[in-house]
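Structure, as structure tokens:
From a predicted model like this one, the values you see are computed outputs, not experimental measurements.
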Amino acid sequence: MDCGIIPPVSLYDYSPAGLTWAEVDPATHRFDAEVATGIIASVPWAAGDDWTEGVLAAPAERLGPWTRGWAWARDEGDFGGGPVTSWCFGVHSVTTPAETSARALAALREWRGWLVQLADLFAAHALPAGSDEERLAAWERVVPVLVDEVVGRTGAGDAWYRHCAQVLEWFLAYHGIADVRLVEEAIGGRFESWCAPPESEVTDLARRVAAADPGA
């Protein structure tokens, strides 16, 4: 193996699916729309995914990894199953330089707005340090709220459940619960693409997460 060879960068190396709350928390990551506009404008023009990769890389280097979510489109976009409607994927969204830059900036603003909305929701649904019953009741209140918000943002389209699990993990991290893997275990493949979950499934999910909650 030649260690001097740098492997090519793929669009999927910038996938936002693995972002943690620490990496996206708007309270600790500044956003300046004017700076973002300049960064996007500085990316050399290219067709399709090549330009998209540049705009995924440049803001992430300057503003932080949270920016990678701007291309996380609904349904079958660049990454699929995301909350962004301002962007689709390279073949459809990359047109002229001016139009495409404006579209990417709108997508970045949309993504940032979603993160701010989530932070507000997380703050509004604190987990009490009281009895197990109070803790369970809190989970039964907040899980449906968060799932409904993700369903609304993603349209419950292709692979929407990945971002849903991520948002629930972010909620745990926001409230200081380190083992966020319990969300994935609680969901256990119960959600499907192109299908919003029935209320009974969401209620059961809340109870499963509550049962695994180390703070209960």
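Shortest non-hydrogen contact noted between Val147 and Cys164 is CG2-SG, 3.9 Å. In terms of heavy atoms, Ala71 sits closest to Phe79 at O-CD1, 3.7 Å. The heavy-atom pair separating Ser93 from Cys88 by the smallest distance is OG-N, 2.8 Å. Across Val143 and Ala206, no two heavy atoms sit closer than the pair CB-CB, 3.8 Å. Across Ile187 and Ala165, no two heavy atoms sit closer than the pair CD1-CB, 3.6 Å. Annotation for Ala159 and Ser193: closest pair N-OG, 2.8 Å, computed over non-hydrogen atoms.
Using modelled atom types, no side-chain atom of Arg162 and backbone atom of Gly81 make a donor-acceptor pair closer than 3.5 Å. Thr67 contributes a side-chain N or O that, together with a main-chain N or O of Gly64, makes up a donor-acceptor pair within less than 3.5 Å. Using modelled atom types, no side-chain atom of Arg68 and backbone atom of Leu56 make a donor-acceptor pair closer than 3.5 Å. A donor-acceptor pair is defined here as one N or O able to donate and one able to accept, closer than 3.5 Å; no such pair exists between the side chain of Glu61 and the backbone of Ala58.
Here Glu34 pairs with nothing under the side-chain hydrogen bond (donor to acceptor under 3.5 Å, both in side chains) rule; sequence neighbours left out. Legend: residues meeting salt bridge (Lys or Arg N to Asp or Glu O under 4.0 Å) with Glu201, ordered by chain and number and at least two apart, are Arg190. Residues meeting the side-chain hydrogen bond (donor to acceptor under 3.5 Å, both in side chains) test with Glu140, sequence neighbours left out: Arg207. With sequence neighbours excluded, the residues forming a side-chain contact (heavy atoms from CB on, under 4.5 Å) with Thr100 are Trp45, Trp51, Trp87, Val94, Thr95, Arg103, listed by chain and number. In this structure Thr203 satisfies the side-chain hydrogen bond (donor to acceptor under 3.5 Å, both in side chains) test with no other residue, sequence neighbours excluded. The side-chain contact (heavy atoms from CB on, under 4.5 Å) test applied to Thr37 returns Leu105, not counting sequence neighbours. With sequence neighbours excluded, the residues forming a side-chain hydrogen bond (donor to acceptor under 3.5 Å, both in side chains) with Arg208 are Asp204, listed by chain and number. With sequence neighbours excluded, no residue satisfies side-chain contact (heavy atoms from CB on, under 4.5 Å) with Pro44.
Inter-residue side-chain proximity for Leu63 and His29 is flagged as unmet; no heavy-atom pair is nearer than 4.5 Å. In this structure, the side chains of Pro26 and Phe31 stay at 4.5 Å or more apart for every pair of heavy atoms.
Cluster annotation: Leu127 is connected to Val145 through the hydrophobic network of ILVMFWY side chains, with a link wherever side-chain heavy atoms come within less than 4.5 Å. Leu136 and Leu205 fall into different hydrophobic clusters, where Ile, Leu, Val, Met, Phe, Trp and Tyr side chains are chained together by heavy-atom contacts under 4.5 Å. There is a path of hydrophobic side-chain contacts, each under 4.5 Å, that joins Val35 to Trp70.
Checked against the 6.0 Å centroid threshold, Trp21 and Phe171 do not count as a close aromatic pair.
Residue pairs satisfying the salt bridge (Lys or Arg N to Asp or Glu O under 4.0 Å) criterion with at least one member in residues 14-30, sequence neighbours excluded, are listed as follows: Arg30-Asp32. Listed by first and then second residue, the side-chain hydrogen bond (donor to acceptor under 3.5 Å, both in side chains) pairs that reach into residues 165-176 are His163-Gln166, sequence neighbours excluded. The side-chain hydrogen bond (donor to acceptor under 3.5 Å, both in side chains) pairs that include a residue from residues 146-156 are Gln117-Glu149, Gln117-Arg153, where partners are two or more places apart or lie in different chains. Counting only residues at least two apart or on different chains, the ring-ring contact (aromatic ring centres under 6.0 Å, His included) pairs with a member in residues 183-205 are Trp160-Phe191.
Remark: Leu115 CG to Asp120 CG distance equals 11.0 Å, nearest 0.5 Å. Note that CH2 of Trp111 and OG of Ser86 are 13.0 Å apart. Values are rounded to the nearest 0.5 Å.
Just one residue in the list Val209, Leu172, Val183 forms a side chain to side chain contact (heavy atoms under 4.5 Å, CB included) with Ile177, and that residue is Leu172.
Surrounding CD of Glu199 are at most 12 heavy atoms belonging to other residues, nucleotides or ligands under 6.0 Å away.
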